[in-house]
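Below: one structure, written as structure tokens.
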2 protein chains.
Amino acid sequence: MYSIQDVSKKTGLSTHTLRYYEKEGLICGVERSQGGFRQYTDEDLEALGLICCLKNTGMSLQEIARFVSLTRSGEHTLAERVSMLRQHRENVLDRMAEMQKYLDKVTWKLKFYTEKLNAYEAAEGKNSECACKDRA
Amino acid sequence: MYSIQDVSKKTGLSTHTLRYYEKEGLICGVERSQGGFRQYTDEDLEALGLICCLKNTGMSLQEIARFVSLTRSGEHTLAERVSMLRQHRENVLDRMAEMQKYLDKVTWKLKFYTEKLNAYEAAEGKNSECACKDRA
DNA sequence: CTAAACCTTAAAGTTTACTCTAAGTCAATA
DNA sequence: TATTGACTTAGAGTAAACTTTAAGGTTTAG
């Protein structure tokens, strides 16, 4: 059993965010102490792992809540869950391909500016003693 | 020369967004017709290409505005521009590695649920004529 | 036994990046 | 020339995902 504080440390989510996720239906059935404090199990942590995975790959909290609610509705929702995951996987793959394309552009631009900078600094060194020699 | 409508089509950004980007300092010096209409040049389009590239790889509009303003401030800002791009490139690489890790998890989950679904449908077919046969 | 450090809820506030509205100007066409 | 439709600005509104606040109950170390 973990306190909300423990879980916050383990997941990197703030305690505020953990309560918020519960309110939004992303985490369900977290047990409580007699005093009403949340007591997370290892299963809850696992569920949070999936939630973070989906969230960090661009799934909206609303969709995640939908997925979680399907998970709790029994086996007749398996087809829809599979279809959601399959679609999401496609989205992630597309996103990664796009990122790679953009990365190439950033790399190219960086090369371009680096060369420009080298030329500029060479010229600067030739023409004058520069006050900003100690630039890292 | 392109109208805001043309540029909207070419970039996929709405006309609202294009004006908004201008207001926020992401695009500068767009020419105007005698009637005050925006007239974008090929250079503006190129600049927009870089803006979209940076934005779609996770740079905030504020940072992009900063980069653009450096670009317009002369060669003494080259070092900072290079450093921004270098840092951004690192971020993109980190993000891609993270995505790959999460993708593996999604793939694994998908496999898990697909197998569960197959088992479920097999059992379903064995035990009863199901009303929802025409599921895709 | 009391004070500090936790926990609770409900609700308001914040940030980012748009997106839309209103009121008016400009351009091309019937 | 009148109307349609695209353009202009300023500013209000929206959605998502938190984040903070307020007001109060619980637990545990000293």
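Hydrogens, waters and symmetry mates are skipped; everything else that's a heavy atom, side chains included, is used. Note that the structure is predicted; figures quoted are calculated from it, not measured. Throughout, protein chains are lettered first and strands after them, A, B, ... in sequence-line order, and every chain is numbered starting at 1.
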(request) Look at the side chain of B:Lys23 and decide which nucleotide, out of C:dT8, D:dG11, D:dT8, has an atom nearest to it. (result) D:dG11
(message) Whole angstroms only, please: what is the CD-P distance between B:Gln39 and D:dA6?
(response) 17 Å
(request) Please tell me which of B:Gly35 and B:Leu13 maps to the more 5' nucleotide of DNA chain C, matching each residue to the nucleotide holding its nearest heavy atom. (result) B:Leu13
(request) Side chain of A:His16 only, please: which of D:dT9, D:dT19, D:dT27 is the nearest? (result) D:dT19
(request) Check whether any side-chain nitrogen or oxygen of B:Arg38 sits under 4.0 Å from OP1 or OP2 of D:dT9, and answer yes or no. (result) yes
(request) Step by step, work out the side chain to side chain donor-acceptor pair (under 3.5 Å) result for B:Asp44 and B:Tyr2. (result) CA-CA 10 Å; B:Asp44 293 328; B:Tyr2 312 97; over 6 Å; no
(message) So, taking the atom named CH2 in A:Trp108 and the one named SG in B:Cys53, what distance separates them when rounded to the nearest 0.5 Å?
(response) 11.5 Å
(request) To the nearest Å, give me how far apart CD1 (A:Ile27) and C1' (D:dC18) are. (result) 14 Å
(message) From C-beta outward on A:Ser60, which listed nucleotide comes closest to its side chain: D:dT8, D:dA17, D:dC18?
(response) D:dA17
(request) With DNA chain C as reference, determine whether B:Leu61 or B:Gly36 sits nearer its 5' end, using the nearest nucleotide of each. (result) B:Leu61
(request) Measure from CG on B:Leu26 to P on C:dA17 and round the result to the nearest Å. (result) 9 Å
(request) Calculate the interatomic distance between B:Phe37 atom CZ and C:dT25 atom P; express it in whole Å. (result) 12 Å
(message) Is there a side-chain contact between A:Tyr21 and the phosphate of D:dC18, meaning an N or O under 4.0 Å from OP1 or OP2?
(response) yes
(request) Select one nucleotide: of D:dT27, C:dC18, D:dC7, the one nearest the side-chain heavy atoms of A:Gln34. (result) D:dT27
(request) Using a strict 4.0 Å threshold on nitrogen-to-oxygen distance, state whether B:Lys116 and A:Glu75 make a salt bridge. (result) no
(request) Measure the distance from CZ on B:Arg19 to C1' on C:dT21 and round it to the nearest whole Å. (result) 13 Å
(message) Under the side-chain contact (heavy atoms from CB on, under 4.5 Å) test against B:Arg38, which residue among B:Glu31, B:Arg19, B:Gln5 passes?
(response) B:Arg19
(message) Which is more 5' along DNA chain D, the nucleotide nearest A:Ser14 or the one nearest A:Ser33? Just name the residue.
(response) A:Ser14
(message) Testing B:His88, B:Arg95, B:Arg89 one by one against B:Thr57 for a side-chain hydrogen bond (donor to acceptor under 3.5 Å, both in side chains), which residue passes?
(response) B:His88
(message) Which nucleotide wins on minimum distance to the side chain of B:Gln62, given the candidates C:dT16, C:dT9, D:dA16?
(response) C:dT16
(request) Check the distance between D:dA16's P and A:Glu63's CD and give it to me in whole angstrom. (result) 11 Å
(request) Report the distance from atom CD of A:Glu31 to atom C1' of C:dT8, rounded to the nearest whole Å. (result) 18 Å
(message) Quick check for you: among C:dC7, D:dC7, D:dC18, whose closest atom lies nearest to any side-chain atom of A:Tyr20?
(response) D:dC18
(request) Check the distance between D:dT26's C1' and A:Gln5's CD and give it to me in whole angstrom. (result) 15 Å
(message) Can you see if the side chain of A:Arg32 gets near the phosphate of D:dG25 - specifically, an N or O under 4.0 Å from OP1 or OP2?
(response) no
